[in-house]
Amino acid sequence: MSGGEPITLKEVQLRLRVPQHVLIHLCEKGVIEPDFAETSGRGKRREFSERNAFEFGVALALRRLELPVATAALVVRLLRSFAKAVAKASPGFALPDALVERDVGLTVHLYDGDSLVLAATGAGFKKPLLLSARLAEPARVAKLDRLPQQYEAHLDVNLTAVARRVTKRT
């Protein structure tokens with residue numbers, strides 16, 4: 001979990017400039033799991049971390065491209081797995097901080113609508129770190145030596161740019 005003070009749903013809404021119901025929908029569909037507090041009845045509010053705000057930004061970027069909620073959920077899970085793996089090798093690594101404060105580039109590639117590749121480059125990576133998952137098999141994550149070369153369609157989302165936009169204070 002990212003450290004720092006909890007962020008309210010209203011703060012996330014203002015930062016990302018989207019209606020609250022869109023953010024609530026992402027929580028209810030299991031795309032975003034609040035790091036600080038989840039609602040458990042009337043009068044309880046969700047509280048989020050900076051990492052959650054970044055995850056909302058990523059999910060919204062994917063949804064703007066009309067990708068399914070299930071794809072956004074898989075990308076968020078892949079991001080969490082990636083951050084845990086990198087933090088073991090590089091203590092202090094956390095998302096979105098590493099994308100804003102360090103020279104780390106992070107991109108999610110979608111190939112042919114069913115294969116995701118998370119590519120990290122820059123500070124601390126001798127060569128690009130490539131993690132792959134298929135939408136049909138979301139529990140299986142594999143390391144790749146290189147990006148796929150044969151495909152019909154390819155879409156990239158610059159997660160470093162998302163992190164920089166989301167962490168800007170309004």
Given 3.5 Å as the limit, does a donor-acceptor pair link the side chain of [X] with the main chain of [Y], or not?
| X | Y | answer |
| --- | --- | --- |
| Arg80 | Lys84 | no |
| Thr107 | Ala120 | no |
| Asn52 | Glu33 | yes |
| Asp112 | Asp114 | no |
| Thr71 | Leu67 | no |

Discussion item. Other residues, nucleotides and ligands only: do more than 12 of their heavy atoms fall within 6.0 Å of CD on Gln149?
Written reply: yes
Worksheet item: Does anything in residues 61-82 pair up under ring pair (Phe, Tyr, Trp, His ring centres under 6.0 Å), and if so which pairs, sequence neighbours excluded?
Response: Phe82-Phe93
Find out if a path of hydrophobic residues (ILVMFWY) with successive side-chain heavy-atom gaps under 4.5 Å connects [X] to [Y].
| X | Y | answer |
| --- | --- | --- |
| Val100 | Leu95 | no |
| Val22 | Ile7 | yes |
| Val117 | Val86 | no |
| Leu65 | Leu106 | yes |

Worksheet entry | Rounded distance (nearest 0.5 Å) linking atom CG of Leu144 with atom CG of Leu130 | 5.5 Å
Worksheet item: Only one of Ile24, Thr8, Ile32, Asp35 forms a side chain to side chain contact (heavy atoms under 4.5 Å, CB included) with Arg46, so which one is it?
Response: Ile24
